[in-house]
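Working notes for the structure below.
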Amino acid sequence: QDVQKESEPHVYLSKEEVKEKIQSYNSSVTDKLKMTLNANGIYTGFIKVQMELCRPITVQSSQSQGRCAHSNNETAFYLPDGCVNTLHISSTNTVREVIEALLKKFFVADNPAKFALYKRCHKEDQVYTCKLSDREHPLYLRLVAGPRTEMLSFVLREHETGEVMWEAFTIPELQNFLRILDKEENEQLQILKKRYGAYRDKLEEALSGVWKPG
């Protein structure tokens, strides 16, 4: 179960500390995705981001994959569950730039402001998640945590319902969401009607047994 966790304070590292951490990081890497320190102090490396998107994303029709929800000039579809993408980034890249790069790789036409990047940490048999601010640097977080994804992983999600920037959506997208919402509402209504119908039948059966004449 995910537990929301407040953002931790950023600890600035000296160039020598960065060098030592990169050496330690690379010695622990098992998938050959090592980090490289440049002469100017900027380092590059890889992060993996799991896509956990509940709402359909909008792409050009020629690039669409997965379960389609609507079609016109652009196509809205659901990204397959568990999709993980690997990005090569630098220590200067911000969360906002990482989100934009992810959407570009998937040919997503949606406004990046609709999405948020989270870090997920495992500690004491619990999973903690924390939404990262646009100004944070994911590669720095990866370096400090080390290469093990159990210690730290990145997740792309939509903003929470209360944080959604609805003005960032187009009219066709909003209409498509309403169609999906209506369908899900009807499905839930049918489930509730069936459940309460079964309760009613049992109550009537019990009443008929109690109030038998004689």
Side-chain angles (χ1 to χ4, degrees), residues 1-54 57 79 81-108 110-160 162-165 168:
Q1 182 181 358
D2 282 3
V3 179
Q4 292 296 321
K5 187 179 182 182
E6 293 298 320
S7 182
E8 298 171 354
H10 185 97
V11 178
Y12 290 93
L13 303 175
S14 67
K15 189 174 181 179
E16 189 60 35
E17 287 173 325
V18 168
K19 182 179 179 180
E20 291 176 359
K21 280 195 170 293
I22 289 177
Q23 290 174 344
S24 175
Y25 183 97
N26 289 341
S27 67
S28 303
V29 166
T30 57
D31 54 10
K32 300 182 179 180
L33 300 180
K34 296 185 177 183
M35 292 195 187
T36 303
L37 178 62
N38 300 316
N40 59 5
I42 296 173
Y43 51 96
T44 59
F46 299 85
I47 62 169
K48 295 180 180 180
V49 182
Q50 184 167 346
M51 315 289 275
E52 292 185 355
L53 303 180
C54 300
I57 57 176
L79 203 63
D81 292 335
C83 182
V84 176
N85 207 293
T86 302
L87 288 179
H88 185 249
I89 62 174
S90 82
S91 55
T92 62
N93 288 130
T94 63
V95 164
R96 179 51 48 190
E97 290 171 333
V98 166
I99 292 174
E100 291 171 354
L102 277 171
L103 299 182
K104 186 176 181 180
K105 284 192 81 170
F106 280 94
F107 303 97
V108 178
D110 294 284
N111 190 323
K114 301 175 187 177
F115 305 94
L117 190 67
Y118 288 76
K119 67 176 181 179
R120 177 181 288 158
C121 310
H122 294 248
K123 188 176 181 181
E124 298 176 354
D125 298 325
Q126 278 195 309
V127 180
Y128 295 90
T129 59
C130 174
K131 190 175 82 169
L132 300 174
S133 72
D134 287 349
R135 297 182 300 276
E136 291 191 75
H137 299 89
L139 193 60
Y140 165 82
L141 298 174
R142 180 78 280 162
L143 174 64
V144 171
R148 294 173 56 192
T149 54
E150 315 87 84
M151 300 301 295
L152 172 75
S153 59
F154 295 104
V155 180
L156 184 73
R157 295 176 176 173
E158 298 94 347
H159 278 293
E160 298 296 333
E163 302 172 344
V164 175
M165 299 176 64

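Computation of the quantities below employed the complete heavy-atom set of this structure, encompassing side-chain atoms and omitting hydrogens, waters and symmetry-equivalent molecules.
Under a 3.5 Å cut-off, the side chain of Arg148 and the backbone N or O of Leu152 do not form any donor-acceptor pair. Checking side-chain atoms of Asn38 against main-chain N and O of Asn40 turns up no donor-acceptor pair under 3.5 Å. Under the 3.5 Å distance criterion, the side-chain polar atoms of Thr36 are left unmatched by any main-chain donor or acceptor of Thr44. Checked by atom type and distance alone, the side chain of Gln23 never pairs as donor or acceptor with a backbone atom of Glu20 at under 3.5 Å.
Across all their heavy atoms, Phe115 and Arg96 have their closest contact at O-NH2, 3.7 Å. Contact record, Ser91 with Leu139: N-CD2, 3.7 Å, taken as the closest heavy-atom pair. Contact record, Leu156 with Leu53: O-CD2, 3.6 Å, taken as the closest heavy-atom pair. Shortest non-hydrogen contact noted between Phe46 and Tyr25 is O-OH, 4.4 Å. Across all non-hydrogen atoms, the minimal contact from Ser90 to Thr92 is OG-OG1, 2.7 Å.
Between Leu143 and Ile22 the shortest side-chain heavy-atom distance falls below 4.5 Å. Side-chain contact between Val29 and Met35 is absent, with no heavy-atom pair separated by less than 4.5 Å. When side chains are defined from C-beta on, Val155 does not count as touching Thr129, because their heavy atoms never get closer than 4.5 Å. Between Glu97 and Ile89, every side-chain heavy-atom pair lies at or beyond the 4.5 Å cut-off. When side chains are defined from C-beta on, Leu33 does not count as touching Arg142, because their heavy atoms never get closer than 4.5 Å. With contacts defined as side-chain heavy-atom distances shorter than 4.5 Å, the pair Leu141/Leu132 qualifies.
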Query raised in the report: Should Gln50 and Thr149 be marked as a side chain to side chain contact (heavy atoms under 4.5 Å, CB included) after you check the CA-CA gap, both sets of side-chain angles, and the distance that decides it?
Result: CA-CA 11 Å; Gln50 184 167 346; Thr149 54; over 6 Å; no
Requested in this report: Could you go through the side chain to side chain contact (heavy atoms under 4.5 Å, CB included) check for Asp134 and Thr94 one step at a time?
Outcome: CA-CA 6 Å; Asp134 287 349; Thr94 63; over 6 Å; no
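The distance from atom CZ of Phe154 to atom CG of Leu87, rounded to the nearest 0.5 Å, is 10.5 Å. Remark: Met151 CE to Lys119 NZ distance equals 11.5 Å, nearest 0.5 Å. To the nearest 0.5 Å, atom CG of residue Leu103 and atom CG of residue Asp110 are 7.5 Å apart. Taking OH from Tyr118 and NZ from Lys131, the interatomic distance works out to 5.5 Å, rounded to the nearest 0.5 Å. Expressed to the nearest 0.5 Å, how far NE2 of His137 lies from CG of Asn93 amounts to 8.0 Å. In this structure, CD1 on Ile99 lies 10.5 Å from CG on Asn111, to the nearest 0.5 angstrom.
For NZ of Lys105, the number of neighbouring non-hydrogen atoms (other residues, nucleotides, ligands) closer than 6.0 Å is greater than 12.
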